[in-house]
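Working notes, structure below.
Any value given below was found using the heavy atoms of this structure, including those in side chains, with hydrogens, waters and symmetry copies removed.
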Amino acid sequence: MEQTPKHNTESMKRANEISIYKLMTVGILVGILGVFLRFAGDSTTLSIISWVILLIGSIIACKGVFKILDA
């Protein structure tokens, strides 16, 4: 007897929420901005700011991933 996959489980519904993917997209775009600024100039201040922006983007994207995993 073959088992049919259950695609209507609570975790699958949570993983398909549009708001999670919007959050991850914002995090990725902020991260890309941080990477761009990292290579845009050669000043210590700009480098520190770009690392902070990159860190914020990474945290936002990871937050979206953890929402999918419900951790």
Side-chain angles (χ1 to χ4, degrees):
M1 183 191 290
E2 187 176 320
Q3 289 183 330
T4 59
K6 297 180 182 179
H7 295 290
N8 291 332
T9 62
E10 189 63 35
S11 63
M12 290 296 278
K13 290 177 184 177
R14 184 177 50 253
N16 289 327
E17 289 180 7
I18 294 174
S19 63
I20 293 174
Y21 291 101
K22 286 181 183 178
L23 181 67
M24 287 175 39
T25 302
V26 168
I28 291 169
L29 291 175
V30 170
I32 289 172
L33 176 66
V35 170
F36 175 75
L37 289 176
R38 179 74 180 101
F39 295 105
D42 193 24
S43 76
T44 305
T45 307
L46 185 61
S47 180
I48 292 171
I49 291 171
S50 66
W51 278 111
V52 169
I53 292 173
L54 180 60
L55 178 69
I56 291 170
S58 299
I59 290 171
I60 292 171
C62 287
K63 188 176 180 181
V65 171
F66 288 136
K67 277 188 175 183
I68 290 175
L69 297 174
D70 197 30

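Cluster annotation: Leu33 is connected to Val26 through the hydrophobic network of ILVMFWY side chains, with a link wherever side-chain heavy atoms come within less than 4.5 Å. By the criterion of side-chain heavy atoms lying less than 4.5 angstrom apart, applied directly or through intervening Ile, Leu, Val, Met, Phe, Trp or Tyr residues, Val30 is grouped together with Ile49 in one hydrophobic cluster. If you chain together hydrophobic residues whose side chains sit under 4.5 Å apart, Ile59 and Leu29 never meet in one group.
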Expected list for residues 36-47: side-chain donor-acceptor pairs under 3.5 angstrom, two or more places apart:
{"unit_1": "Arg38", "atom_1": "NH1", "unit_2": "Ser47", "atom_2": "OG", "d": "3.0"}
{"unit_1": "Ser43", "atom_1": "OG", "unit_2": "Leu46", "atom_2": "N", "d": "3.1"}

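Pairs passing the side chain to side chain donor-acceptor pair (under 3.5 Å) check and including a residue from residues 48-65, sequence neighbours excluded, do not occur.
Atoms CD1 and CG, from Ile60 and Leu55 in turn, are 10.0 Å apart once rounded to the nearest 0.5 Å.
Closest non-hydrogen pair, Ile68 versus Tyr21, comes out as CD1-OH, 4.0 Å.
Looking only at side-chain heavy atoms (C-beta outward), Phe66 and Leu69 come within less than 4.5 Å of each other.
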